[in-house]
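One-based numbering, in listed order, for ligands and for the atoms of each.
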Amino acid sequence: MSVADTLTEALPPDRVRTEPDDLATWGTDWTRSYQVAPSAVVFPESVEEVAALTRLANDRGLALVPSGGRTGLSGGAVATSGEVVVSFDRMHRILGFNEADRIVRCQAGVVTQALQEFAQGKGLFYPVDFASSGSSQIGGNIATNAGGIKVIRHGLTRDWVAGLTVVTGAGQVLELNRGLVKNATGYDLRHLFIGSEGTLGFIVEADLKLAEPPAPQRVMVLGLDRFADALRVLPCFQARLTLSAFEFFSELALSKVLAHRELQRPLATPAAFYALLEFDADAEDAALAAFEEALAEGWASDGVMSQSDAQAAALWALREGITEGIAPQVPYKNDISVRISEVPGFLDDVNDIVSAHYPDLEVCWFGHIGDGNLHLNILKPKGLPIEDFYQRCHTISPKLFALIGARGGSISAEHGVGLLKRDFLHFSRSEEELALMRSLKRTFDPNGVMNPGKLLAMP
Ligand code: 2HG
Ligand code: ZN
């Protein structure tokens with residue numbers, strides 16, 4: 001019996017697809033470096049269907065890959081060896097909203113932007129935001145504990161999850177936390193599923209908290225001569241006002257965005273680096289005072305502040321367009337973090353590694369430096385075969401990750417481990433932790449049907 005025929009025992013045949021185009025589309029995410037080879041793609045519509053599918057996978061020895069908006073950058077939703085991709089595209093409904101609790105219940109396939117718009121319609125705010133909000137799905141955000149551009153003020157996806165419905169790898173349906181604010185009844189399994197990258201089971205529905213709507217915002221972009229100045233500018237502003245975002249990018253990153261999209265340079269004279277700050281409009285005077293100080297100290301060379309929402313959006317586009325702008329160069333991605341107090345020394349370390357090992361390659365620096373998270377993208381030169389390029393980066397990664405380990409940092413700040421970083425996990429997690437993580441995986445997914453090979457190498 002073919003896999004597709006087997007799957008029709010759990011789902012109607014029109015929701016099981018095996019055409020090559022469909023396999024290629026749903027078998028991958030935004031990483032472009034893996035050979036994609038799923039056996040089928042399925043589209044469940046309910047919790048019961050996901051549970052039936054999971055039990056079937058256990059009975060018949062099928063491997064399942066959960067798939068959301070496929071905007072991941074670590075290969076967490078890539079199917080490379082005949083797995084069945086389980087897409088949440090048909091589970092995209094907002095199921096309810098409770099005004100008193102300020103909690104919205106979503107199916108896993110709700111797109112982030114749809115949730116943001118729903119919140120706005122209720123006079124509220126869903127504050128987790130990223131460049132991929134137009135296609136990323138809530139289930140995937142939760143499975144990777146996605147961060148984004150507002151973490152410095154509003155936290156990570158984890159901070160907004162009040163409850164989860166999950167289907168474990170064994171096919172049990174669990175209701176975790178049920179939207180409670182206070183619940184001191186032992187292990188909070190909800191938090192174990194957040195960031196589990198589909199290795200313990202499926203996130204099928206979620207209760208998400210909504211916040212007060214934000215005050216009108218202003219955006220400022222500053223030119224910086226030295227990267228280290230970003231770490232001087234940050235406390236200079238934070239001493240005077242609350243920042244909603246503090247991002248940075250290099251001139252190289254900016255040039256890639258400008259080559260890719262019709263956007264204006266933020267400043268008349270190019271700078272080596274740029275900091276992008278967002279804050280409440282009523283803190284404008286405090287921000288201007290901080291800017292004056294940064295100029296006087298020589299930490300900033302120039303600056304611009306948005307005068308309208310359209311201008312603010314245009315400045316944000318310079319930062320949010322980077323991933324797309326560099327995508328044609330199939331970048332090797334590093335998504336790394338250290339504690340904020342470690343950032344200055346860490347940047348020197350990274351600089352040494354980059355100049356010693358990638359002198360001939362374009363290295364694109366940007367990220368959420370206000371929360372200690374750096375995106376370091378190594379760009380593939382034209383003509384170098386992708387396998388050779390990745391091989392070279394993979395041999396240099398351990399040097400970078402050893403420094404991160406020594407500073408108590410993380411080899412994956414917000415993108416997840418997936419396939420790309422799996423073999424480097426020991427730089428951020430001890431052997432004891434890894435052994436406990438493996439035994440948790442076995443507890444929730446005894447037959448190893450859930451996203452095999454991702455996050456953890458199972459013996
Ligand atoms: C961002 O911050 C995303 O824009 C993507 O996390 C980062 O492309 C990247 O490396
Ligand atoms: Zn990011």
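- Distances shorter than 4.0 angstrom do not occur between any heavy atom of Glu247 and any atom of ligand 1.
- Using a 4.5 Å heavy-atom cutoff, the side chains of Phe237 and Met220 are in contact.
- The heavy atom nearest to atom 8 (O) of ligand 1, considering only Lys333, His368, His375, is found in Lys333.
- With respect to atom 6 (O) of ligand 1, the closest heavy atom belonging to the protein is His415 NE2, 2.7 Å.
- Shortest distance from the Zn ion (ligand 2) to Glu414 is reached at OE2 (N/O/S atoms only).
- If you look at Leu73 next to ligand 1, the close heavy atoms, those under 4.0 Å, all belong to the side chain.
- Here Asn377 has side-chain heavy atoms under 4.0 Å from ligand 1, and that is the only part of it that gets that close.
- Residue Pro44 is tested with Val50, Asp89, Val167 for a side chain to side chain contact (heavy atoms under 4.5 Å, CB included); the sole match is Val50.
- For the pair Arg319 and Phe366, the NZ or CZ position fails the cation-pi test of under 6.0 Å to the six-membered ring centre and within 45 degrees of the ring normal.
- Using a 4.5 Å heavy-atom cutoff, the side chains of Glu278 and Arg153 are not in contact.
- In summary, His415 places no N/O/S atom under 2.8 Å from the Zn ion (ligand 2), failing the contact criterion.
- Annotation: side chain of Val36 is not in contact with side chain of Leu23 (no heavy-atom distance under 4.5 Å).
- Taking the ring centroids of Phe227 and Phe248, they lie under the 6.0 Å cut-off.
- Phe130 does not count as a contact of ligand 1, since none of its heavy atoms falls under 4.0 Å from the ligand.
- From the protein, the heavy atom lying nearest to atom 4 (O) of ligand 1 is Arg319 NH1, 3.1 Å.
- Residue Glu320 does not touch ligand 1, judged by heavy-atom distances below 4.0 Å.
- Side-chain contact check for Leu115 versus Ile138: some heavy-atom pair is nearer than 4.5 Å.
- Thr323 OG1, 3.2 Å is the protein heavy atom nearest to atom 5 (C) of ligand 1.
- In this structure, the ring of His394 has its center less than 6.0 angstrom from the ring center of Phe424.
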